There are 2 protein chains.
Amino acid sequence: MISNKNCIIRLSRYKNALVRFKTLGFVKIFSEYLADAVGVTSAQVRKDFSLFGISGNKRGGYQIDALITKLNSILGKNEVQNVVLVGAGQLGSALMRYNTFEKEGIKIIAAFDIDPSKINLKSPIPILSLAEAALFIETNSIKIAILTVPDMAAQQTFDILIRAGIKGVLNFAPIELKTSSDCIVNNVNLAVELENLIYFVNVTAKEAPLIKI
Amino acid sequence: MISNKNCIIRLSRYKNALVRFKTLGFVKIFSEYLADAVGVTSAQVRKDFSLFGISGNKRGGYQIDALITKLNSILGKNEVQNVVLVGAGQLGSALMRYNTFEKEGIKIIAAFDIDPSKINLKSPIPILSLAEAALFIETNSIKIAILTVPDMAAQQTFDILIRAGIKGVLNFAPIELKTSSDCIVNNVNLAVELENLIYFVNVTAKEAPLIKI
DNA sequence: TAGATTGTTAATCGATTAACAATC
DNA sequence: TAGATTGTTAATCGATTAACAATC
């Protein structure tokens with residue numbers, strides 16, 4: 001029932017697409033249309049749903065409202081998810097102001113930084129000293145952290161978070177964090193994403209002339 | 001030879017890890033250690049390398065310097081890659097200040113926004129009117145764009161970019177862009193990444209008590 | 001040389017897709 | 001009813017891994 005990461009990411013995408021369909025006034029939807037909106041096959045949609053016991057009506061498709069409710073429940077979106085952010089540098093500060101998280105029910109309730117000049121208890125999201133992180137995380141039972149510290153500090157900061165009880169980390173440092181089995185790490189590396197794009201654009205450009213001949 | 005996206009992303013990770021090994025004074029490396037640093041198997045490393053004709057020395061491993069050079073060449077990192085950014089909102093502005101790109105040889109040479117109040121020709125990265133984007137992209141032969149506009153504007157802005165000759169887009173809108181076959185889209189969705197993490201942390205938490213019994 | 005590591009093949013694994021019976 | 005869509009099984013596809021001969 002846990003399924004793989006890609007499957008869960010698709011559930012999020014289905015949910016987002018369904019919200020858009022609902023905004024447009026739709027009430028029911030067929031797997032074919034939902035698949036199209038998300039860029040997968042209809043078989044994939046039905047398979048994913050069946051893995052989570054989501055069923056529709058043969059010939060009648062799926063009720064959008066019920067589907068959104070079910071997906072939100074699976075994805076833990078029925079309650080606000082409190083997270084902390086560690087590393088209030090350029091990217092970290094931007095994420096603190098990134099209002100899409102709030103819209104999606106994800107609340108950064110505090111940020112931490114090692115640099116005393118960054119500490120600011122009065123900003124909309126308080127920025128505290130890294131030294132206070134462990135206690136804060138424990139007393140507030142925070143399970144998820146966003147890690148936006150410099151590369152060289154990533155592993156040691158991560159270790160602090162683990163010891164404080166963090167169970168999931170969204171890591172922006174281009175480092176493979178050594179983790180214990182009970183903490184999950186999702187890596188986001190924007191430079192790598194761009195490099196990837198550059199690579200494929202370049203190979204396609206090199207190939208194109210051959211095709212034209 | 002094109003290979004799949006995951007393979008190319010691994011090449012970027014190998015490259016990053018190798019640069020760190022080099023910093024630490026290493027000259028040679030075995031597939032086993034590189035695999036460990038990146039979190040894959042040594043067979044995977046050797047397989048990836050062989051796909052790109054990279055060879056080492058049996059019994060002697062790989063020369064780090066030569067390897068970095070080769071990977072940089074494959075990934076197009078021998079020259080600075082110019083890109084544009086479209087949508088100078090919260091996230092867009094942060095990415096403009098995100099110096100990791102510059103460090104990685106990726107230069108945002110201009111940004112565009114539809115909001116006249118955002119236009120600023122004197123900022124370090126000039127912010128121009130969206131109306132000027134097509135001409136700018138064409139005259140400068142820009143192939144890659146970072147798209148950070150609001151969800152509802154994403155598709156129409158994307159269409160403008162396509163017509164201007166953009167071949168690769170790093171898309172931050174939670175929308176599946178309808179693209180032509182000759183433009184590649186990489187999606188980054190931070191809220192979805194966090195949702196994913198939340199999901200797996202929650203299921204693990206629910207399962208843990210069962211394991212303890 | 002003996003031992004260790006690469007390079008590559010074949011086996012495994014898992015995810016996606018096609019296909020179709022069930023059924024509304 | 002006839003037709004269309006779901007739910008699920010089996011087939012396909014592709015990526016990862018194990019294993020080992022080649023060889024430094």
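Chain letters run A, B, ... following the sequence lines, proteins first and then strands; every chain starts at 1. Computed from a predicted structure; not experimentally measured. Because only heavy atoms are used, hydrogens play no part in the values below, and waters and symmetry mates are left out as well, while side chains stay in.
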(request) Starting from the 5' end of DNA chain C, give me the residue, A:Asn57 or A:Ala43, whose nearest nucleotide shows up first. (result) A:Ala43
(message) Students often get this wrong, so: under 4.0 angstrom with heavy atoms, is A:Ser42 touching a base, only sugar-phosphate, or nothing?
(response) nothing
(request) Provide, to the nearest angstrom, the distance between the CD1 atom belonging to B:Ile29 and the C1' atom belonging to C:dT6. (result) 14 Å
(message) Taking A:Lys77 first and then A:Glu104, would you say they form a salt bridge - that is, a charged N and a carboxylate O separated by under 4.0 Å?
(response) yes
(request) To the nearest Å, give me how far apart CZ (B:Phe49) and P (C:dT5) are. (result) 16 Å
(request) Write down the partner of D:dG14 under the Watson-Crick or G-U wobble criteria, each distance required to be under 3.5 Å. (result) C:dC13
(message) In terms of relative ring orientation, are B:Tyr98 and B:Phe101 parallel, tilted or perpendicular, with 30° and 60° separating the classes?
(response) perpendicular
(message) Measure CG/B:Asn6 against C1'/C:dA15 and give the value in whole Å, please.
(response) 12 Å
(request) Please tell me which of the listed nucleotides, D:dT8, D:dT16, C:dT6, lies nearest to the side chain of B:Phe30? (result) C:dT6
(message) For B:Asp48 and B:Tyr14, which I'm curious about, is there any donor-acceptor pair between the side chains at under 3.5 Å?
(response) yes
(request) Please figure out whether A:Ser50 or A:Gly60 has its closest DNA chain D nucleotide nearer the 5' end. (result) A:Gly60
(message) Checking B:Asp159 against B:Gln155: is there a side-chain donor and acceptor pair closer than 3.5 Å?
(response) yes
(request) Using whole Å, report how far CG of B:Leu34 lies from C1' of C:dT5. (result) 14 Å
(message) Without decimals, in angstroms, what is the distance between A:Ile9 CD1 and C:dA15 C1'?
(response) 15 Å
(message) Rounded to whole Å, please give me the gap between NZ in A:Lys5 and C1' in C:dA15.
(response) 16 Å
(request) Could you tell me the separation between the OG atom of B:Ser180 and the CZ atom of B:Arg163, rounded to the nearest 0.5 Å? (result) 11.0 Å
(request) Could you please name the option among C:dA22, C:dA19, D:dA15 that lies closest to any side-chain atom of A:Lys58? (result) C:dA22
(request) Provide, to the nearest angstrom, the distance between the CZ atom belonging to B:Arg46 and the P atom belonging to D:dA21. (result) 15 Å
(request) Nearest whole angstrom, please: distance from the P of C:dT12 to the NZ of B:Lys47. (result) 15 Å
(request) Please tell me which of the listed nucleotides, D:dG7, D:dT5, C:dT16, lies nearest to the side chain of A:Arg59? (result) D:dT5
(request) Report yes if at least one side-chain N or O of B:Thr41 is closer than 4.0 Å to OP1 or OP2 of D:dT17; otherwise report no. (result) yes
(message) By the 4.0 Å heavy-atom rule, please label B:Tyr62 as base, sugar-phosphate, or nothing.
(response) sugar-phosphate
(request) Quick one: look up who C:dG7 pairs with, Watson-Crick or G-U, both distances under 3.5 Å, and put none if it's unpaired. (result) D:dC20
